[in-house]
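FYI, the numbering just counts along the sequence from 1. As the structure lists them, so they are numbered: ligands from 1, and atoms in each ligand from 1.
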Amino acid sequence: MTDPTPPDGQPSRGVSRRGVLGLAAVAAAGTAVGFGTGRATSSGADDPRRGSHAFHGDHQAGITTPVQQHLYFASLDMTAGASREDLVSLLQDWTAAAAQLTAGQEVGESGATDGSPLAPPDDTGEALGLGPHNLTLTFGLGASLFDREGDPFGIAARRPEALTPLPSFAFDLLEDAISDGDLCIQACADDPQVVVHAIRNLSRIAFGRAQVRWTRLGYGRTSRTDAGQQTPRNLFGFKDGTANILSDDAEALDRWVWASDGWMAGGSYLVARTIQMTIESWDRTRLQEQELVIGRTKGEGAPLSGGTEMTEPDFAMRSSTGDFAVPSTSHVRLAHPDLNDGVRLLRRGYNYVDGNNDLGQITAGLFFLSFQRDPAQFVQIQTALKTDALNEYIRHVGSALYAVPPGARRGEHIAQALFES
Ligand code: HEM
């Protein structure tokens, strides 16, 4: 899919199109720095389409990788009657396809156009010529995969203790249809068609073994995971991702993000929450009130106790009214490590818009994604957010938790250690 066309826009003669695509993809993959650790390629600096991230590595890419602009997330369930062999073969096939997709190659043996005219093509073709656009594919396993009646996958005894369904939280209005799932795939890239193509082809490969349960299309990152990235804004218009765990903070990653037990060592746990925002009532709220709800200024993103975006909030400071400058019900105060035994999360969420309701109100919100070494970290912070003034403007409508296995090394498939004794 990487487009190697010379400036005149025509592939060079004498080399088959597929051959050219393959060479370009290999070149792109070969320049990827830091296996699976989320570093962009040097070639990506010249042409954003060619930036790529190696699929294989110690950790899965798509966690500390600089957050891309677009997301397509899929939750899947194993088909009724599926066996352990079906699950393992699916993970093997996904691994092979993910390595091709993230390198900008077409999926399968014969790609989109080189197969038999009498058979459907291996690759669906809509990403031809687009390039990898920093695509990462991150796979996760839900608790229901381990809990299935009769243990058809033979993994019940290997379920990590941390993979326990999340408790109910105050204000939860969860819908089954957009919650949970046996497996998940998080596709992130800097082009929307590239993420859709990836999920479409991976779910097609799953046919007969697993089917899609729900999906979420996210545009516009609401976080940063790399010091070089600008802080983006969420749909409330505030900078989001200021106080996140960044890719160069090895100590924080080890302490708060990477799991260390058993087959999950080097993996992480992913919480995915679909949080609807009541955009219309927020937009009718005074600027001063909006800032008191968040605890930061809207323009600069500075804490209300003063300074600039990166200044640490001073939670003891009082305003002229005698109240805390960063109010006791503000989001930033309640979510801050100082009030949560030091607990931190790596946030990697996206804005979403999903049509409108009968009243003409836009259905939009934050697809909140956080990675942590133990879901208890999320539980602690979400519990603390019970008195968050933001609750008047948001509703959690979808929820899921997945174990994200460590990265697959070359020759291995995703979650291979789970199936080895
Ligand atoms: C629609 C819902 C949400 C909105 C609009 C939102 C918005 C924000 C904003 C604007 C900030 C300040 C900038 C920053 O440091 O990133 C922030 C910080 C933060 N949020 Fe949220 N957030 C939402 C949901 C959540 C949830 C569900 C959690 C976790 C349970 C969470 C955890 C945090 C954390 C840990 C911080 C950093 C606090 C700090 O260390 O200063 N947020 N959020």
**Q** Between Arg213 and Asp182 (salt bridge meaning N to carboxylate O under 4.0 Å), is one present in this structure?
**A**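 Asp182 and Arg213: not salt-bridged.
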**Q** Could you tell me whether Asp254 and Arg373 have a side-chain N and a carboxylate O separated by less than 4.0 Å?
**A**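 No, Asp254 and Arg373 are not salt-bridged.
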**Q** Does atom CG (Asn357) have a neighbourhood of more than 12 heavy atoms from anything else shown, all under 6.0 Å?
**A** yes
**Q** Looking only at distances, can you tell me whether any N or O atom of Thr242, backbone or side chain, sits closer than 3.5 Å to an N or O atom of ligand 1?
**A**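 For ligand 1, there is an N or O atom that lies under 3.5 Å from one belonging to Thr242.
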**Q** Of all heavy-atom pairs between Pro327 and Leu304, which one has the smallest distance, and what is that distance?
**A** CD-CD1, 4.2 Å
**Q** List ligand 1 atoms under 4.0 Å from Val332, heavy atoms only on the residue side.
**A** 12 (C), 41 (O)
**Q** Within ligand 1, which atoms have a heavy atom of Phe236 less than 4.0 Å away?
**A**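 Counting from 1, the qualifying ligand atoms are 5 (C).
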**Q** Is there at least one pair of N or O atoms, one from Ile294 and one from ligand 1, spaced under 3.5 Å apart?
**A** no
**Q** Among protein heavy atoms, which sits nearest to atom 10 (C) of ligand 1, and what does the distance come to when rounded to 0.1 Å?
**A** Lys239 O, 3.2 Å
**Q** Considering non-hydrogen atoms of the protein only, which is the closest contact for atom 35 (C) of ligand 1, and what is the distance?
**A** Ala335 O, 3.5 Å
**Q** Looking at every heavy atom in both Gly131 and Val194, which two are closest together, and how far apart are they?
**A** O-CG2, 3.6 Å
**Q** Taking 4.0 angstrom as the limit and counting only heavy atoms of Met277, give me the atoms of ligand 1 inside it, by number and element.
**A**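 Heavy-atom distances to Met277 below 4.0 Å select 1 (C), 5 (C).
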**Q** Which pair of heavy atoms, one from Pro303 and one from Glu309, lies closest together, and at what distance?
**A**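 Distance-wise, the nearest heavy atoms are CD-O, 4.3 Å.
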**Q** Using a strict cut-off of 4.0 Å, indicate which atoms of ligand 1 neighbour a heavy atom of His396.
**A**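 Close to His396: 27 (C).
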**Q** Does ligand 1 have an atom under 4.0 Å from some heavy atom of His336?
**A** yes
**Q** Pro337 heavy atoms, cut-off 4.0 Å: which ligand 1 atoms fall inside?
**A** 40 (O)
**Q** Can you pull out the closest protein heavy atom to atom 16 (O) of ligand 1? Residue, atom name and distance to 0.1 Å, please.
**A**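 Protein heavy atom with the smallest distance to atom 16 (O) of ligand 1: Gly241 N, 2.6 Å.
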**Q** By number and element, which atoms of ligand 1 are closer than 4.0 Å to a non-hydrogen atom of Gln382?
**A**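 In order of numbering, the contacting atoms are 27 (C), 30 (C).
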**Q** Which is closest to atom 9 (C) of ligand 1 by heavy-atom distance: Asp240, Leu235, Ile381?
**A** Asp240
**Q** I'd like to know whether ligand 1 has Asn244 as a neighbour, heavy-atom separation below 4.0 Å.
**A**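 No heavy atom of Asn244 comes that close to ligand 1.
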**Q** Tell me which one of Tyr393, Phe368, Phe238 gets a heavy atom nearest to atom 29 (C) of ligand 1.
**A**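 Comparing heavy atoms across Tyr393, Phe368, Phe238, the nearest one to atom 29 (C) of ligand 1 lies in Phe368.
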**Q** I'd like to check whether Arg347 has a polar contact with ligand 1, where a contact means an N/O of the residue lying under 3.5 Å from an N/O of the ligand.
**A** yes
**Q** For the ring pair His396 and Phe169, is the centre-to-centre distance below 6.0 Å?
**A**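 Here the rings of Phe169 and His396 have centres that are no less than 6.0 Å from each other.
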**Q** Considering heavy atoms of the protein only, find what lies nearest to atom 15 (O) of ligand 1 and give residue, atom and distance to 0.1 Å.
**A** Ala243 N, 2.9 Å
**Q** Please indicate whether Glu161 has more than 12 foreign heavy atoms, meaning atoms of other residues, nucleotides or ligands, lying under 6.0 Å from its CD.
**A** no
**Q** Where's the contact between Arg296 and ligand 1, heavy-atom distance under 4.0 Å: side chain, backbone, both or neither?
**A**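 Near ligand 1, Arg296 shows its side chain, while the N, CA, C and O stay back.
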**Q** Would you name the heavy atoms of Ser203 and Leu76 that are closest together and state the gap between them?
**A** CB-CD2, 4.4 Å
**Q** Give a yes or no on whether the ring-centroid distance for Trp256 and Phe371 is below 6.0 angstrom.
**A** no
**Q** Which protein heavy atom lies closest to atom 2 (C) of ligand 1, and at what distance to 0.1 Å?
**A**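 Nearest neighbour among protein heavy atoms for atom 2 (C) of ligand 1, to 0.1 Å: Leu366 CD2, 3.7 Å.
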**Q** Give the atom name of whichever N/O/S atom in His331 sits closest to atom 21 (Fe) of ligand 1.
**A** NE2
**Q** Which ligand 1 atoms does Asn234 reach within 4.0 Å, using its non-hydrogen atoms?
**A**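 Heavy-atom distances to Asn234 below 4.0 Å select 5 (C), 7 (C), 10 (C).
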**Q** May I ask you to decide whether Arg395 forms a salt bridge with Asp172, counting only side-chain N to carboxylate O separations under 4.0 Å?
**A** no
**Q** Have Asn134 and His53 got a donor and an acceptor in their side chains that come within less than 3.5 Å?
**A**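 On atom types as modelled, these side chains qualify, holding a pair under 3.5 Å.
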**Q** Once you restrict to heavy atoms under 4.0 Å, what part of Leu390 touches ligand 1? Side chain, backbone, both or neither.
**A** side chain
**Q** Heavy-atom count around Ile362 CD1 within 6.0 Å, excluding the residue itself: above 12?
**A** no
